[in-house]
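Here the structure is a predicted model, which is why all the values come from computation and not from measurement. Proteins get letters first, then strands, A, B, ... in listed order; numbering begins at 1 in each.
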Amino acid sequence: MKQRMLAAPYEICLARALHFTRAHRENEALDPHLRNALALRRTLERQKIAIEPDELLAGSKTERFLAAPLPVERGDFLRSLQLELDVLERKHRPFRISDADREAFWNEILPYWDGRTVRDRKARTWAEAGIVQPRPSAGRRLRGWLDAVRWAFQLGPEALRKLFGANFDAPLTLRRVRNLHALRHELAFNNPTPATSCFDVQGHLSLGVDRAVSRGMEAIIDDARERRARLDREEPGDERGRSFLDAVVISLEAAIAYAARFAALAGAMAARCAEGPERRRLESIAEHCRQVPRHRPRTFHEALQSAWMTQLVGEIQYGAHDVFAVGRPDQYLLPFFRADRAAGRLARPRAVELLQEFFLKLEANVEPIPEVGMETNAVLGNSQHVVTIGGLTPDGGDATNELSYLVLDAFEAMGGAVNQLAVRVHRGTPGRFLRRTAEVFRRTNGIALYGDEAVIEGLCADGLTLEHARDYCIVGCIETSGQSNTHGCVGGHELVLPAVLLLALSRGRTPAPFLGQGRGFDSGPLEACRTFDEFLGIFRRQLDHQLGVLVAAADGKDRATMDLLPAPYVSALMDGCLESARDATAGGARYDFTSIDVRGLGTLVDSLLAIRAFVHERRAVTLPELAGICERDFAGHEVLRQRLIHEPPKYGTGEAEGIAMAREVLGWLHGAVSGRRNARGGRFRMCYYSYGNHVIDGFLLGGTPDGRRRGEPLSNGVSPSNLLDSAAGPTGVLRTVAALPPRLISSGVSLNMRFFPDFLATDGGRDAFAAMIRTYFGLGGMHLQPNVVSMETLREAQRNPERYRDLVVKVSGYSAYFTDLGRSIQDDIVARCEYSG
Amino acid sequence: MSEAPAGRVFDVSRGRVDDGPGLRTVVFLKGCPGRCPWCHNPEGVSFAPEIAFDATRCIGCGECVRACPRNARPGGPGRWQLDPPARSDASADWRSGCTACGRCVDACPSRARRLAGRVRQPEELVRELLVDADFFAGTGGGVTFSGGEPLAQPAFLFAAAAGLRRAGVHVAVETAGLFPLRLLDRLTREVDLVLWDLKHVDAARLRRTIGRDLRGPLTGLRRLSAGSTPHEIRVTLVPGFNDGDEDLAAMARWLRDGPRAPQVRLLAFHRMAAAKQAIFGRPYEYAGAAATPPARLAAARDLLEAEGIPVRGGKARAPSPAG
């Protein structure tokens with residue numbers, strides 16, 4: 001199956017989009033909860049289904065083998081298809097689409113949704129609030145075009161080609177010109193200012209797979225009906241609550257009926273089959289799909305079938321964006337595994353085989369990401385369906401069990417495992433488990449390690465109970481979440497710290513590259529600051545302004561989602577929603593947050609330290625001079641640039657100055673939003689990772705005072721800048737990152753470190769590595785993404801991509817196939833300093 | 001009370017795992033009585049400080065020339081020269097008038113220049129090393145002194161080792177035994193682990209290669225093996241010197257005759273030192289030699305094990321970082 005996946009073409013399937021379009025059109029008068037539940041039901045009833053050869057777990061998301069459901073109603077995919085439908089075959093990684101689907105898109109899907117998506121509603125809200133200017137005055141428009149041209153010239157054709165990929169070279173047809181014109185403001189609807197972005201998604205969350213597996217959906221339907229009866233008695237006026245609870249029942253019943261379609265198909269296929277293993281396979285699929293996800297599974301195999309069906313229906317409902325993590329399967333599958341083992345009906349190799357298939361299916365996930373994202377995002381296995389294992393139990397015991405080891409076995413057997421595996425480590429984690437983890441990721445990569453003590457401390461500060469905090473899982477890339485009880489909105493609200501700095505240094509005059517972006521905010525004249533603290537005052541004014549824009553932008557997006565796209569299926573499986581009779585998008589979940597994802601911490605800290613050293617301590621250059629030098633990309637100032645790189649204290653060396661400045665920055669950010677509430681009443685949390693976008697930011701941003709030139713990447717996550725000499729070694733980096741206070745980074749951080757495979761080649765090396773990780777977590781570390789790969793291998797893979805199709809690397813928390821990545825991110829990975837043994 | 005002796009250190013490398021147990025910091029002491037032509041750390045041979053120059057980092061700004069008190073024309077090879085005609089004559093090599101005072105290093109904005117062989121005080125070095133104490137404790141690691149020949153600066157070595165051990169840090173010393181035998185007792189008492197580089201067991205070949213007659217390499221190892229100090233014998237396979245079957249068989253026989261069955265770690269010859277020749281401006285005799293192929297390493301391992309010598313390792317060894 002892995003081979004088939006690697007060889008299969010990527011496809012676009014618009015079946016879901018079409019069913020959703022028709023269902024929404026037919027039910028416009030209905031409450032949005034019901035409208036969305038009926039759209040899901042229609043898709044699940046009518047979408048063509050298949051059972052693949054060799055498949056042990058049935059269930060398909062689309063009508064094609066390797067395709068993803070596209071949530072056109074959200075808006076971003078509608079726009080990216082509108083932009084790229086004619087260049088799909090020319091993309092960095094081409095997609096196939098049928099002519100019928102293409103026609104359906106132009107004639108039915110686009111005309112219906114144009115103006116009706118979350119994105120459109122969001123854009124209108126932003127325009128009303130003055131966040132963007134979609135219809136600017138003629139003068140503004142002219143200046144906008146001039147800025148854009150200036151920006152394009154600064155970038156140069158090579159960077160533009162990297163940024164816009166196939167769009168840059170594709171021939172211009174009339175339709176493309178019309179669409180390009182119609183979409184000229186689109187980037188501003190993601191990036192209200194040069195330092196912020198706010199996408200249409202709400203980000204990753206933990207789907208209550210464990211609930212469906214442990215209880216069966218029928219039990220949840222009973223709960224919903226009971227709650228509905230109580231609502232009628234107690235709050236008869238709550239129309240919205242009633243619609244929500246009805247939508248929950250419709251959605252769960254639709255999921256059960258979808259499984260029944262697979263049972264029927266498998267039964268029919270079995271009937272045509274001669275006696276033998278194939279017939280037995282189909283019969284058992286039929287039997288499993290009759291039992292789950294409706295009821296509690298009877299076996300380990302059924303438990304996995306239930307988990308997969310629950311997950312894929314979630315994706316169809318929500319639309320793919322790799323949104324859902326499956327939580328802690330080594331915990332919720334354990335009772336079924338133990339019962340099967342005790343009864344002698346499950347051999348370990350069979351269990352590993354089933355787990356492998358489950359992980360592969362989670363991975364079989366492709367999305368036509370717009371070319372702007374192609375540089376950093378891989379297509380296949382751009383999977384954020386994170387699996388979390390190990391760690392603590394809710395009552396504080398060690399959760400590591402025999403199934404945790406089998407999950408590792410399954411990853412190892414998959415070789416280039418792409419699904420993310422999050423391994424939780426606490427003080428009492430068995431040494432054997434940690435060593436085994438090191439052994440497995442030496443061969444596979446794709447494993448990230450989490451320090452339970454720091455993560456739990458952060459989650460408790462966010463208001464989770466200790467039991468819920470101990471039961472956390474990882475969602476998205478590296479984000480922390482309660483399991484099946486947290487609507488965290490962890491992705492899609494992003495802040496680029498070095499851009500904030502450049503806006504502060506230019507009084508907001510850094511050119512806004514995208515049409516419609518507002519004029520920059522003037523945080524004050526540089527000439528007036530005599531001390532470093534005065535400059536920090538200017539920087540913080542700019543920072544507060546940018547955060548304010550981001551919070552307002554997120555608010556517009558959240559209200560649009562709440563009004564248009566409730567998620568009754570997801571909410572049905574989330575703790576708190578039935579009780580409050582509110583959808584998760586309306587704040588029904590037990591815990592509700594919005595995370596701000598911050599990029600470029602290392603570059604910012606190094607820049608501030610450089611300003612302090614050169615401007616205010618040595619007085620080697622004035623602040624306006626330095627700002628001008630950065631703007632001109634250090635032309636004629638190479639000596640100064642080298643000194644800025646090498647002489648000031650740095651972030652990531654373990655030096656006190658770097659740590660202190662980083663903590664101060666984290667404190668400002670946290671302080672600026674900790675008093676605010678999102679549209680659902682939830683709190684804001686901070687997250688420091690960049691999923692590869694630090695490379696894109698680097699293209700867009702001019703020189704920074706740390707000596708980074710225009711076009712070079714920013715620092716990644718909480719990792720130090722690439723400009724840092726590796727002399728401080730891994731311990732300097734680990735000590736720096738471990739010193740960041742968990743409550744200020746409670747939504748998660750990403751620390752990437754590359755290791756030579758040699759480092760882990762011997763038992764001694766693995767023991768030292770395991771002990772190093774323990775020490776780091778003991779000092780307060782939260783996350784570590786070790787990449788074990790040699791530079792030679794990567795270079796070779798760049799030369800012969802076809803031979804390294806399954807080479808997996810990690811980019812800031814999520815795995816990707818190396819050969820799917822754009823060249824510049826490949827180069828970035830190669831250049832990242834190497835901690836060799 | 002005498003003041004603690006200063007020493008010359010040419011590098012400190014953190015976060016290593018193959019020079020003793022756990023996570024280690026390796027301190028490279030400058031200077032070696034030996035003259036092994038394949039030396040992986042050629043900058044560790046001379047006791048005098050040297051200026052390393054990495055042309056790939058040079059931006060040609062000329063700050064070094066302006067900083068040089070002896071007008072030693074430190075503009076490096078390849079990038080730019082102050083006085084091109086003078087370079088036709090051999091004495092015009094920029095290093096010829098250089099006393100390695102280090103001013104050009106301080107002046108260099110891009111770190112193209114590095115002073116290998118800074119004078120360090122033991123207390124100050126120990127303070128720097130103790131930054132990683134929690135990682136040493138957590139991983140069962142510590143500090144390894146290497147070189148050069150660390151025992152060529154015994155007072156400094158033992159002062160630093162004592163300071164580290166007082167702080168509870170595990171100390172290892174990597175030596176080729178190129179030191180007076182009277183130091184051996186002290187070594188076995190004052191460090192926790194000895195990593196002994198055994199180059200050859202034929203005394204005549206050793207003498208020819210090292211360039212002087214020392215009893216240390218063989219007699220010292222015999223005595224070390226008879227004592228109770230933990231130690232490991234390390235053999236780097238050097239092409240044409242000790243990697244022949246006969247050389248290895250002789251080594252195995254010699255080791256078997258020792259007081260107890262020793263454990264040997266085999267290390268591959270690697271080519272990283274060739275990259276340093278440009279940096280330190282001196283030729284490297286083994287520049288053309290190929291790295292030990294894994295198959296040869298495995299064969300050497302089989303050969304030793306067939307002779308009854310247990311072998312560990314067999315992987316390429318990372319060099320000390322240069323430049």
Side-chain angles (χ1 to χ4, degrees), chain A residues 427 438 620 634 636-647 653-656 707 723 725-736 738 753 755-781 790 792 833-837, chain B residues 11-26 54 57-64 66 105-114 128-142 232 265 267-268 270 272 294 312-323:
Chain A
R427 276 191 198 96
F634 302 98
H637 291 276
E638 184 59 18
V639 171
L640 176 65
R641 189 179 87 87
Q642 292 292 340
R643 293 196 191 284
L644 288 167
I645 293 174
H646 294 292
E647 290 173 12
T653 55
E655 289 168 294
L723 295 169
D725 274 336
S726 59
T731 55
V733 179
L734 294 176
R735 248 180 302 108
T736 302
M753 280 171 85
F755 292 89
F756 256 12
D758 283 24
F759 195 97
L760 298 161
T762 61
D763 286 344
R766 279 194 290 277
D767 285 348
F769 180 81
M772 180 179 86
I773 284 168
R774 257 190 217 287
T775 311
Y776 163 61
F777 287 153
L779 291 173
S790 75
E792 285 70 19
C833 60
E834 208 142 9
Y835 303 106
S836 62
Chain B
D11 210 346
V12 175
S13 172
R14 293 154 75 179
R16 301 172 61 118
V17 289
D18 50 7
D19 294 300
L23 203 64
R24 306 195 76 83
T25 297
V26 182
D54 182 350
R57 289 177 159 228
C58 178
I59 58 169
C61 64
E63 295 283 332
C64 47
R66 286 187 277 282
V105 173
D106 295 337
C108 176
S110 62
R111 304 271 158 109
R113 294 177 171 275
R114 194 169 64 83
E128 180 192 316
L129 297 171
L130 286 181
V131 165
D132 283 327
D134 34 22
F135 281 95
F136 299 151
T139 65
E232 177 182 281
R265 184 182 291 275
L267 302 166
H270 63 70
M272 303 299 274
R312 284 201 297 178
K315 63 194 188 66
R317 194 177 152 207
S320 78

Novice: Is there a donor-acceptor contact under 3.5 Å from the side chain of B/Arg111 to the main chain of A/His646?
Specialist: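 Such a contact is found between B/Arg111 side chain and A/His646 backbone.
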Novice: Heavy-atom distances under 4.5 Å only: say whether B/Ala107 touches chain A with side chain, backbone, both or neither.
Specialist: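 Only the backbone of B/Ala107 comes within 4.5 Å of chain A.
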Novice: Taking side chain as everything from C-beta outward and backbone as N, CA, C, O, which of these in A/Leu640 sits under 4.5 Å from a heavy atom of chain B? Side chain, backbone, both or neither.
Specialist: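 Answer is neither: A/Leu640 stays 4.5 Å or more from chain B.
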Novice: Would you please go through residues 131-138 of chain B and name the residues with a non-hydrogen atom below 4.5 Å from one of chain A, in numerical order?
Specialist: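 Hits under 4.5 Å: B/Val131, B/Asp132, B/Asp134, B/Phe135, B/Gly138.
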Novice: Between A/Arg643 and B/Pro109, what is the shortest heavy-atom contact and its length?
Specialist: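 Reported closest heavy-atom pair: CG-CB, 3.6 Å.
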Novice: Between A/Glu647, A/Arg735, A/Arg641, which shows the greatest number of heavy-atom pairs under 4.5 Å with chain B?
Specialist: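 The candidate making the most pairs under 4.5 Å is A/Arg735.
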Novice: When B/Thr139 is tested against each of A/Asp767, A/Thr775, A/Ile773 for side-chain contact (heavy atoms from CB on, under 4.5 Å), which residue passes?
Specialist: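 For B/Thr139, the side-chain contact (heavy atoms from CB on, under 4.5 Å) test succeeds with only one of A/Asp767, A/Thr775, A/Ile773, which is A/Thr775.
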Novice: Locate the shortest heavy-atom distance separating B/Leu23 from A/Ala768; write the atom from each residue and the value.
Specialist: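 Closest approach of B/Leu23 to A/Ala768: N-CB, 4.2 Å.
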Novice: Taking the side chain as everything from C-beta on, heavy atoms only, tell me whether A/Gln642 gets closer than 4.5 Å to B/Glu63.
Specialist: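 No - every pair of side-chain heavy atoms lies 4.5 Å or more apart.
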